[in-house]
Amino acid sequence: MSDPINVGLYIRVSTQEQAEEGFSVGEQTERLQKYADAMGWNVYQTYTDAGWSGSNTERPALQEMIRDIEAGHINKVAVYKLDRLSRSQYDTLWLIEKVFLANNVEFLSMSESFDTSTPIGRAIVGLLAMFAQFEREQIRERMQLGKSARAKTGAWMGSAHVPRGYEYLDGELHVYLPEAKQIREAYDLLINGAPLRTIEKIFLEKGYQQRNGPWTTSTLGRVLKSRVNIGEIRWHNEWLPGNHKAIVSTEVFEKAQSIMDQNASRCTPIRRGRYTHYLSGLLVCARCGARYGAKRVDSKYKGNVTKRIYFNCYSRSQQVRSSATRDHCDNDSWREDILNNAVFDEIRRMRSSILKQKNKPTESLTGRIAALQKEIKTIDAQSARLLHSYTLGLFSDEEITQKKKSLNTRKERLETELRRVIQQESSSSTAQELIESFESILETGDFNAIRSVIEGLIDTIYIDGQSLEIKWRF
């Protein structure tokens with residue numbers, strides 16, 4: 001009695017092929033199973049790669065079948081059509097020569113008749129594989145042309161990551177409210193004078209998160225520069241009008257770009273030995289209109305040298321003649337530490353005044369927002385599993401449509417609730433956010449952070465004798 005024939009049925013389908021050619025998993029499995037039954041073969045296992053491209057051999061079910069072949073469990077492999085095995089001529093011949101024949105395994109296709117044990121049969125397989133590869137390359141070319149045409153219609157063409165502030169659903173970009181709200185707030189803070197470093201600290205204090213964790217200065221800069229936020233898409237280094245909704249207006253976007261460009265031009269490296277001061281560039285003489293500049297003064301007393309910084313009106317000191325507005329000015333000099341403390345006290349008084357006017361904060365809705373976001377992500381995961389089940393042939397078109405409709409209805413209800421909760425969430429004004437962060441940032445002693453907050457709060461400090469008048473940015 002001859003040994004039984006153990007056959008491995010290999011099934012492969014990609015989503016596009018199933019839609020265009022009808023090679024569903026269920027159809028391939030049914031036909032191959034009936035063929036094996038008619039031939040009296042024992043089906044050792046059905047190996048299914050659903051949603052996998054035939055352009056390479058890195059497919060989980062194919063690799064499992066190769067391991068079973070090498071272990072001697074299979075002596076025949078059957079496919080519905082040759083291109084189900086591979087669409088690469090090289091990979092097809094490699095599988096037949098180095099895997100199947102090398103392990104005394106016969107290979108057959110229901111749709112093409114050939115015998116891999118003969119030179120002519122292998123030549124026929126080679127020709128069929130060549131045509132399969134040619135077809136794959138034609139598909140790739142058509143896809144590129146289709147993508148180009150799709151881009152011109154304004155559809156987002158995808159990338160490694162979905163842009164912050166958006167989610168990708170049903171082939172389109174949709175505004176993702178939790179992130180979009182934060183991005184709009186970042187634009188508002190920037191336009192109102194807050195540097196990116198300050199915005200990062202404000203977001204950290206408020207517990208804001210983007211999809212990969214807390215916001216950073218680099219992430220903020222990259223996101224705020226993206227033209228996706230004004231409804232455009234990028235295709236081959238060119239920005240085109242998109243179909244998705246903008247997060248901010250073009251006017252807001254362009255203003256933000258101008259501010260970031262100006263900030264970048266001012267961010268020159270600090271040279272060694274150069275003095276840096278919290279209030280440089282903000283001090284103006286109320287009497288002559290000249291700027292105040294810093295100068296180090298060394299005083300010696302009983303052999304001890306004390307080094308202090310004083311700020312003087314350029315018209316009085318004449319140390320930078322081009323900055324003087326007159327030959328002489330009698331406005332007072334200020335020692336740096338005393339001037340800093342005086343300005344810091346003014347910021348504290350302003351903070352106290354704002355806090356008195358501010359209503360009692362409502363209960364934070366952050367937990368509710370997070371819960372809704374989690375529920376929406378769960379539905380997205382269910383939708384993805386549903387699609388996978390469809391490719392496996394587990395549901396009919398009618399069942400898939402009904403289940404998908406139910407999921408979409410639930411998601412729409414949750415998104416409506418999410419928008420309502422976000423609108424309820426209390427938010428402070430830009431000035432409040434900046435000024436409330438000042439004390440905690442001051443405690444860090446980080447010069448750049450402190451300087452950034454001061455720049456965001458103060459436009460000009462006018463000095464008149466021992467009096468200060470601050471022009472705020474809000």
Side-chain angles (χ1 to χ4, degrees), residues 192-195 197-198 266 270 273-358 429-474:
N192 283 279
R197 189 179 291 106
T198 301
R266 289 199 298 263
I270 298 175
R274 179 183 177 185
Y275 291 103
T276 55
H277 313 282
Y278 293 131
L279 305 177
S280 293
L282 300 174
L283 304 169
V284 174
C285 177
R287 299 180 182 178
C288 72
R291 293 281 179 181
Y292 263 65
K295 182 178 181 180
R296 190 178 74 179
V297 176
D298 299 342
S299 59
K300 188 174 182 181
Y301 179 72
K302 292 183 179 181
N304 296 320
V305 178
T306 302
K307 300 178 181 180
R308 288 194 174 96
I309 302 297
Y310 283 83
F311 279 92
N312 297 282
C313 171
Y314 280 129
S315 294
R316 174 177 176 174
S317 67
Q318 297 292 315
Q319 66 189 67
V320 181
R321 290 187 178 275
S322 60
S323 297
T325 60
R326 60 174 70 166
D327 294 335
H328 177 71
C329 181
D330 60 358
N331 212 345
D332 292 4
S333 296
W334 279 72
R335 206 170 75 188
E336 182 181 37
D337 57 336
I338 296 175
L339 181 59
N340 286 346
N341 289 332
V343 172
F344 293 169
D345 285 343
E346 288 296 321
I347 293 176
R348 293 186 182 101
R349 277 192 284 272
M350 177 59 72
R351 179 177 183 272
S352 177
S353 175
I354 287 178
L355 288 176
K356 288 179 181 178
Q357 298 173 7
K358 186 177 178 181
S429 67
T430 301
Q432 290 171 344
E433 291 162 344
L434 280 172
I435 212 163
E436 288 174 15
S437 68
F438 175 72
E439 203 69 49
S440 60
I441 294 175
L442 188 62
E443 291 175 359
T444 68
D446 184 330
F447 173 85
N448 291 325
I450 297 170
R451 170 74 192 195
S452 295
V453 174
I454 293 172
E455 286 180 347
L457 291 171
I458 297 174
D459 180 76
T460 309
I461 302 170
Y462 294 98
I463 299 177
D464 189 358
Q466 291 298 301
S467 299
L468 302 177
E469 181 184 346
I470 297 179
K471 179 183 177 183
W472 303 96
R473 288 188 179 274
F474 50 90

Distance from [X] atom [atom1] to [Y] atom [atom2], nearest 0.5 Å?
X	Y	atom1	atom2	value
Ile338	Arg308	CD1	CZ	8.0 Å
Asn340	Phe311	CG	CZ	7.0 Å
Arg296	Glu336	CZ	CD	12.5 Å
Ile454	Phe344	CD1	CZ	4.5 Å
Leu279	Ile309	CG	CD1	12.5 Å
Asn192	Leu457	CG	CG	11.0 Å

Minimum heavy-atom distance [X]-[Y], with the two atoms named:
X	Y	result
Leu468	Val343	CD1-CG2, 4.1 Å
Ser323	Ala290	O-CB, 3.7 Å
Arg287	Asp330	NH1-OD1, 3.1 Å
Gly465	Trp334	O-NE1, 2.9 Å
Arg326	Gln318	O-NE2, 3.2 Å
Gln466	Asp332	NE2-OD2, 2.9 Å

* How about Asp327: does its CG atom have over 12 heavy atoms from other parts shown lying under 6.0 Å from it? -> no
* Taking C-beta and beyond as the side chain, do Asp459 and Trp472 meet within less than 4.5 Å on heavy atoms? -> no
* Asked: Any side-chain heavy-atom pair from Val284 and Ile461 closer than 4.5 angstrom?
  -> no
* **Asp464 and Tyr462: CA distance, side-chain angles, deciding distance, side-chain contact (heavy atoms from CB on, under 4.5 Å) verdict** => CA-CA 7 Å; Asp464 189 358; Tyr462 294 98; over 6 Å; no
Backbone N/O of [Y] and side chain of [X]: donor-acceptor pair under 3.5 Å:
X	Y	answer
Ser333	Asn312	no
Asn331	Arg316	no
Arg291	Gly281	yes

* **Counterpart residues, side chain to side chain donor-acceptor pair (under 3.5 Å), relative to Arg451 (two or more places apart)** => Glu455
* To do: For Thr460, enumerate each residue passing the side chain to side chain donor-acceptor pair (under 3.5 Å) test, keeping only those at least two apart in sequence or located in another chain.
  => none
* **Matching residue for Tyr292 among Ser317, Ser280, Cys285 - test: side chain to side chain contact (heavy atoms under 4.5 Å, CB included)** => Cys285
* To do: Report the C-alpha separation of Ile347 and Leu442 in whole Å, then their side-chain angles, then the decisive distance to 0.1 Å, and conclude whether the side-chain contact (heavy atoms from CB on, under 4.5 Å) test is met.
  => CA-CA 11 Å; Ile347 293 176; Leu442 188 62; over 6 Å; no
* **Aromatic ring pairing Tyr278/Phe447, orientation class (parallel under 30°, perpendicular over 60°, tilted between)** => parallel
